[in-house]
Amino acid sequence: MEPTTAPSGQQKDTRTVDTLTITDNRTGKQYEIPIDNGTVKAIDLRQIKVDAEDFGMMTYDPAFMNTASCKSKITFIDGDKGILRYRGYPIDELAERCSYLETAYLLIHGELPNKAQLEEWTNNITTHTFVHENIKKFMDGFHYDANPMGMFVSTIAALSTFYPSAKKIHDPQERMLTIYRLIGKVPTLAAFAYRHSIGMPYVHPDNELTYAENFLNMMFKVAEPKYKPNAVLAKALDILFILHADHEQNCSANAMRSVGSSHVDPYSAAAAAAAALYGPLHGGANAEVLYMLDEIGSKDKIPAFIREVKDGKGKLMGFGHRVYKNYDPRAKIIKKLADQVFEVTGRNPKLDIALELERIALEDDYFVKRKLYPNVDFYSGLIYQAMKFPVDMFPVLFAIGRMSGWLAQWQELLLDPEQKIARPRQVYLGYDKREVVSLSKR
Ligand code: CMC
């Protein structure tokens with residue numbers, strides 16, 4: 001597909017007056033369908049009928065393999081070339097030159113902030129990091145070993161009951177307030193979920209710290225009067241949040257848009273997005289990678305493991321992507337970042353297994369033919385683990401960074417006059433009409 005944004009940063013209009021001519025071999029009729037930005041509208045196919053009774057043709061596309069569900073100006077991916085840009089800016093430049101909060105501003109507002117805008121934005125987010133005291137009681141209700149991602153998803157949904165005015169989704173001020181609140185509060189909810197799971201008291205946000213530093217504070221502070229975050233680790237975490245911030249129409253962004261299209265409040269939609277992220281095929285894959293490396297155990301077991309994957313007895317987690325058919329650019333950045341983190345924390349011994357696994361997989365015909373490369377989740381878990389995050393927290397860390405992307409997607413959806421409530425069609429293959437037989441005769 002043609003990029004919607006030219007490399008120079010200028011908007012590129014790919015509109016043409018081109019059309020597609022379709023001949024229906026059932027009837028011999030011809031139809032001319034307009035092509036817009038390299039797409040045809042599925043609704044334009046409805047005119048194709050065998051007779052007046054016919055409902056009209058639909059497209060069939062389970063899992064959206066070749067269907068654009070929206071027009072977007074947020075994130076551009078070229079999966080064959082391994083390119084990822086937010087609002088036109090390459091991901092590696094953002095990771096090198098911007099903070100997570102600058103990137104979040106960019107995703108939401110469309111432009112990088114100037115100094116004054118960044119100060120105001122940071123202040124607005126920082127002053128919304130606290131949660132209502134009753135959230136703690138809510139957290140306390142979870143079983144002692146509850147999975148932190150389950151707690152995180154539920155408490156995001158619970159926030160809607162604390163902020164009922166967020167229902168006014170057509171009010172730009174209300175929307176912005178929710179954006180501050182959700183970006184501000186997700187690290188707090190995440191850290192509270194972790195602290196609950198290890199039976200430690202909750203740590204209040206420290207508004208003198210940066211976004212990433214404060215998260216480390218709420219996670220790991222013990223008895224010291226003021227938590228002193230390690231600068232290298234805080235920077236690494238900030239970069240990881242940037243790398244995870246958005247990824248165009250992935251499963252969770254689609255959940256945010258689909259649920260948001262019913263005009264429910266944004267907390268409920270964000271909870272649905274976080275729930276979608278929880279799955280092992282999506283954001284849950286970073287935890288699965290670690291379980292997989294544990295299971296492999298040592299380098300000499302890798303060939304046997306690869307054989308099993310090729311025999312269809314499981315997947316190489318952290319490999320493959322619906323869109324990337326090349327090295328995931330985020331994985332490249334994370335691999336470099338790992339060296340800096342390991343200098344502080346010591347090398348994660350599983351790195352050697354991961355590197356060898358990657359080396360073997362990238363030479364193996366099975367993976368080469370299917371264009372399966374390491375994705376963002378392959379190396380991120382090794383960093384998280386070296387930083388002392390438990391494996392169950394990995395999807396939660398993904399979700400913290402992704403919140404800004406979900407909110408940008410949600411806002412774009414609401415402001416798009418072409419969008420309506422998401423409601424797919426189906427191909428019904430069940431019974432035709434039949435009569436209910438009474439219970440005694442069945
Ligand atoms: N290990 C082994 N084989 C694989 C893998 C893998 N990780 N991924 C795909 N394949 C095979 C798959 O079996 C299929 O083979 P065949 O053509 O013989 O049937 C072929 O490659 C195409 O795969 P697919 O399942 O049709 O591809 P998809 O686009 O539907 O799935 C995916 C994409 C990411 C769900 C999948 O690659 C996968 O399950 N990977 C492992 C989980 C993972 O790492 N997920 C994180 C994705 S990145 C983070 C995010 O953005 O969510």
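All values derive from a computational prediction rather than experimental measurement.
- Rounding to the nearest 0.5 angstrom, the gap separating the CG atom in Leu177 from the CG atom in Leu182 is 10.0 Å.
- A salt bridge does not link Asp92 to Lys336: none of the charged nitrogens lies less than 4.0 Å from a carboxylate oxygen.
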Run the salt bridge (Lys or Arg N to Asp or Glu O under 4.0 Å) check on Lys71 and Asp36 step by step: do they pass? CA-CA 11 Å; Lys71 292 176 180 164; Asp36 182 20; 3.4 Å; yes

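- Nearest heavy atom pair, residue Ile91 against residue Pro329, reads CG2-CB, 4.2 Å.
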What verdict does the ring pair (Phe, Tyr, Trp, His ring centres under 6.0 Å) test give for Phe378 and Phe319, after you've listed the backbone C-alpha separation in whole Å, the side-chain angles of each residue and the deciding distance to 0.1 Å? CA-CA 7 Å; Phe378 193 66; Phe319 257 68; 5.1 Å; yes

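- Note: Asp311 CG to Ile306 CD1 = 11.5 Å, rounded to the nearest 0.5 Å.
- Note that CD of Glu213 is 9.0 Å distant from CG of Asp238, once rounded to the nearest 0.5 Å.
- Lys335 meets the salt bridge (Lys or Arg N to Asp or Glu O under 4.0 Å) test with Glu358; sequence neighbours excluded.
- Atom-to-atom distance recorded for Arg402:CZ and Phe241:CZ is 13.0 Å, nearest 0.5 angstrom.
- Separating the CE atom in Met317 from the CD atom in Glu288 is a distance of 5.0 Å, to the nearest 0.5 Å.
- Heavy-atom minimum distance, Lys235 versus Ala95: NZ-O, 4.5 Å.
- Put simply, CG on Asn348 and CG on Leu290 are 7.0 Å apart, with the number rounded to the nearest 0.5 Å.
- There is no side-chain donor-acceptor pair under 3.5 Å between Asn286 and Ser380.
- Contact check on Arg85 versus Glu93 returns no salt bridge, with no Lys/Arg side-chain nitrogen under 4.0 Å from an Asp/Glu carboxylate oxygen.
- Checked by atom type, the side-chain pair His247/Tyr324 shows a donor-acceptor distance below 3.5 Å.
- For the residue pair Glu412/Ser72, the side-chain donor-acceptor check at 3.5 Å is satisfied.
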Listing, residues 198-205 side-chain donor-acceptor contacts under 3.5 Å, not counting sequence neighbours, or none:
from: Tyr202; atom 1: OH; to: Asp140; atom 2: OD1; distance (Å): 2.7
from: His204; atom 1: NE2; to: Lys136; atom 2: NZ; distance (Å): 3.4

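- Using a cutoff of 4.0 Å between basic side-chain nitrogens and carboxylate oxygens, Lys137 and Glu133 are not scored as salt-bridged.
- A donor-acceptor pair shorter than 3.5 Å cannot be found between the side chains of Asn37 and Thr39.
- The main-chain N or O of Asn214 is never found under 3.5 Å from a side-chain atom of Asp206 such that the two would form a donor-acceptor pair.
- Taking all atoms of both residues into account, the shortest heavy-atom contact from Leu372 to Gly320 is CD2-CA, 3.6 Å.
- A salt bridge links Lys226 with Glu208: the closest approach of a Lys/Arg side-chain nitrogen to an acidic carboxylate oxygen falls below 4.0 angstrom.
- Between Asp352 and Arg347 there is a salt bridge, since a side-chain N of the basic residue sits under 4.0 Å from a carboxylate O of the acidic one.
- If you check the side chains of Ser404 and Tyr100, you find a donor sitting under 3.5 Å from an acceptor.
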